[in-house]
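Fair warning: this is a prediction, and the values are worked out from it, not measured in the lab.
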Amino acid sequence: MNGTFSQFIGTVEGQFAGTFKTKDGKEVKVTKGQFRIVQKLPPGAEEVE
């Protein structure tokens, strides 16, 4: 058996910019986009090192 497993618990934040196309071919220009991903342990879970 061979594989790779990674898991992240915490917060990731960042910014992005670019021109994106919608499904119908229209363009959307983003100049100061931001994203935030928050992953927390579910109730009762414990970190294993």
Side-chain angles (χ1 to χ4, degrees):
M1 181 186 237
N2 188 7
T4 301
F5 178 79
S6 63
Q7 186 172 359
F8 170 80
I9 298 172
T11 303
V12 177
E13 297 182 52
Q15 298 177 343
F16 65 95
T19 302
F20 304 90
K21 286 193 175 182
T22 64
K23 288 182 181 181
D24 60 352
K26 295 180 182 177
E27 289 188 351
V28 177
K29 186 174 183 179
V30 177
T31 55
K32 293 183 180 179
Q34 295 181 339
F35 67 88
R36 183 173 188 188
I37 301 168
V38 179
Q39 285 192 301
K40 296 180 181 179
L41 285 172
E46 297 178 10
E47 281 189 54
V48 177
E49 302 223 7

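- Ile37 and Leu41 fall into different hydrophobic clusters, where Ile, Leu, Val, Met, Phe, Trp and Tyr residues are linked whenever their side-chain heavy atoms come under 4.5 Å apart, directly or through other members.
- Residue Thr11 comes nearest to Arg36 through the heavy atom pair CG2-NE, 3.4 Å, listed as atom of the first residue, atom of the second, then distance.
- A search for side-chain contact (heavy atoms from CB on, under 4.5 Å) contacts involving Gln15 returns Gln34, not counting sequence neighbours.
- Remark: Glu46 engages no residue in a side-chain contact (heavy atoms from CB on, under 4.5 Å) (not counting sequence neighbours).
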Anything under 3.5 Å between a donor and an acceptor, one on a side chain of residues 22-31, the other on a protein residue two or more places apart or in another chain? List them.
| residue | atom | partner | partner atom | Å |
| --- | --- | --- | --- | --- |
| Thr22 | OG1 | Asp24 | OD1 | 2.3 |
| Thr22 | OG1 | Lys26 | N | 3.1 |
| Thr22 | OG1 | Lys26 | O | 3.3 |

